[in-house]
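What follows is a short report on a single structure.
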Amino acid sequence: MAKIIDGKQTAADIRREIAEEVETIKAKAGRAPGLAVILVGDDPASQVYVRNKAKDCEETGIYSVVERLPAETTEEELIALVKKLNGDELIDGIIVQLPLPKHLNSEVIINNIAVDKDVDAFHPYNVGKIMIGDYNMLPCTPAGVMELLSRYGVEVSGKNCVVVGRSNIVGKPQAMLLLHKNGTVTVCHSRTKELAEVTKKADILVVAVGKAKMITGDMIKEGSVVIDVGMNRDADGKLCGDCDFDSCEKKASLITPVPGGVGPMTRVMLLKNTLSAAKRKLNI
Ligand code: NDP
């Protein structure tokens, strides 16, 4: 039976560590790290995410600003706001809540965020830095996965690591981070043939697909570490991951649950990125 990786508890521990560091920064620099969140339109899920981000900031002492813009905001107006925040001395991190309304091109908007304030690490400059292994900013979900592996004492070096999913925000950067830790990395996607044959070789399996319970116990290696990034609803409307927890738990040595695994880590890594951006800017 696998040991459960408690992402909720780990994220709470990290929030406490961040809160302590925020106090130190305030004492040294006379101000807290600052995060600006831009929300365009009234997508209900985005509103919840943005509220949570503001709440997380409040809990850790990070100064936060939420800029709410109407759905009909033009690209020029949004870029003007991003540029204003780029120049705001009290703001260390900027995120634009995605998805944006259809008439706005998220790539164009993200390309306007100052690279040293791009705490989602979606700007092509930061993406490139991750590729060459010389990075300041890391995308929150893969960074959260690496933090879980590290805090649960999982050695990556020399291990067979399989990442299922190759999105720009999860799968690809996840693969690079595991590679930088000297894992032997295989990336799978929708065209991968004999997926189970590949996943069964994984010592560390990270799944980020978005298909409820698609990875079953018979597809994983005995004693493997299973990290489930997926967030889906099952047939009963219950939140579940991409892995079938019950059958995978019987074979894995460590496994993340959904909810309570990677999700809380994604949230807290945004705070960590904001803190790091502030420390770099303030030379602390
Ligand atoms: P995307 O839809 O952008 O990417 C999904 C990936 O899965 C694609 O690379 C796709 O391959 C691959 N895929 C689809 N079907 C299969 C299949 N049958 N076999 C193997 N690979 C397949 O999703 P995201 O990366 O954005 O998100 C993935 C999941 O993680 C979602 O459930 C999302 O909600 C969740 N998520 C959770 C977060 C958290 O904090 N817990 C944060 C971000 C995402 P191809 O490229 O060939 O199309």
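In listed order, ligands and their atoms are each counted from 1. A quick note: this is a predicted structure, and the numbers were derived from the prediction, not measured.
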In this structure, atom 29 (C) of ligand 1 is nearest to the protein heavy atom Gly210 N, 3.7 Å
Under-4.0 Å salt bridge between Lys221 and Asp203: yes
Give the numbers and elements of all ligand 1 atoms closer than 4.0 Å to a heavy atom of Gly263. 40 (O), 41 (N)
Which bit of Lys211 gets closer than 4.0 Å to ligand 1, counting heavy atoms only: side chain, backbone, both or neither? side chain
Of the backbone atoms (N, CA, C, O) and the side-chain heavy atoms from C-beta on, which set of Arg267 has a member under 4.0 Å from an atom of ligand 1: side chain, backbone, both, or neither? neither
Which residue and atom name correspond to the protein heavy atom nearest atom 46 (O) of ligand 1, and how close is it? Arg166 NE, 2.8 Å
Can you tell me which residue and heavy atom of the protein come closest to atom 11 (O) of ligand 1, and the distance to 0.1 Å? Ser190 N, 3.2 Å
Taking atom types as modelled, is there a side-chain donor on Asp242 or Asn232 under 3.5 Å from an acceptor on the other? yes
Looking only at side chains, do Thr216 and Ser247 share a donor and an acceptor under 3.5 Å apart? no
Non-hydrogen atom of Val229 closer than 4.0 Å to ligand 1: yes
Around atom 2 (O) of ligand 1, find the nearest protein heavy atom and jot down its residue, atom name and distance. Val209 O, 4.2 Å
Are side-chain N/O atoms of Asp13 and Gln9 paired as donor and acceptor at under 3.5 Å? yes
Any idea which atoms of ligand 1 are less than 4.0 Å away from a heavy-atom of Val164? 20 (C), 21 (N)
Under 4.0 Å, counting heavy atoms only: does Met214 come that close to any atom of ligand 1? yes
Backbone or side-chain N or O of Val262 under 3.5 Å from ligand 1 N or O: no
Hey, are Arg31 and Glu89 close enough for a salt bridge, meaning a charged N less than 4.0 Å from a carboxylate O? no
Does the protein come close to atom 32 (O) of ligand 1 - that is, does one of its heavy atoms sit below 4.0 Å from that atom? yes
Once side chain to side chain contact (heavy atoms under 4.5 Å, CB included) is applied, do any residues pair with Lys250, and if so which ones, sequence neighbours excluded? Met1
Proximal atoms of ligand 1 relative to Gly165 (non-hydrogen, under 4.0 Å): 6 (C), 7 (O), 9 (O)
For Tyr152, I'd like to know if atom OH has over 12 heavy atoms of other residues, nucleotides or ligands within 6.0 Å. yes
Please walk me through it: do Thr74 and Glu77 pass side-chain hydrogen bond (donor to acceptor under 3.5 Å, both in side chains)? CA-CA 5 Å; Thr74 64; Glu77 287 167 335; 3.3 Å; yes
Going by the 4.0 angstrom heavy-atom rule, the piece of Val258 near ligand 1 is neither
Does atom NZ of Lys181 have more than 12 heavy-atom neighbours from other groups under 6.0 Å away? no
Name of the residue among Arg280, Lys117, Lys281 meeting salt bridge (Lys or Arg N to Asp or Glu O under 4.0 Å) with Asp92: Lys281
Atoms in ligand 1 flagged as close to Asn232, the criterion being non-hydrogen separation under 4.0 Å: 32 (O)
Minimum-distance protein heavy atom relative to atom 34 (O) of ligand 1: Met231 O, 3.7 Å
Under 4.0 Å from a heavy atom of Thr266: give me the atoms of ligand 1 that qualify, with their elements. 39 (C), 40 (O)
Could you tell me if any non-hydrogen atom of Ala208 lies under 4.0 Å from any atom of ligand 1? yes
N/O to N/O below 3.5 Å, does that happen between Leu195 and ligand 1? no
Check the surroundings of atom CD in Glu58: do more than 12 heavy atoms from other residues, nucleotides or ligands lie under 6.0 Å from it? no
Among all protein non-hydrogen atoms, which one is nearest to atom 20 (C) of ligand 1, and what is the separation to 0.1 Å? His189 O, 3.2 Å
Pairs of nitrogen or oxygen atoms closer than 3.5 Å, one from Ser167 and one from ligand 1: do any exist? yes
NZ (Lys53) with more than 12 external heavy atoms under 6.0 Å: yes
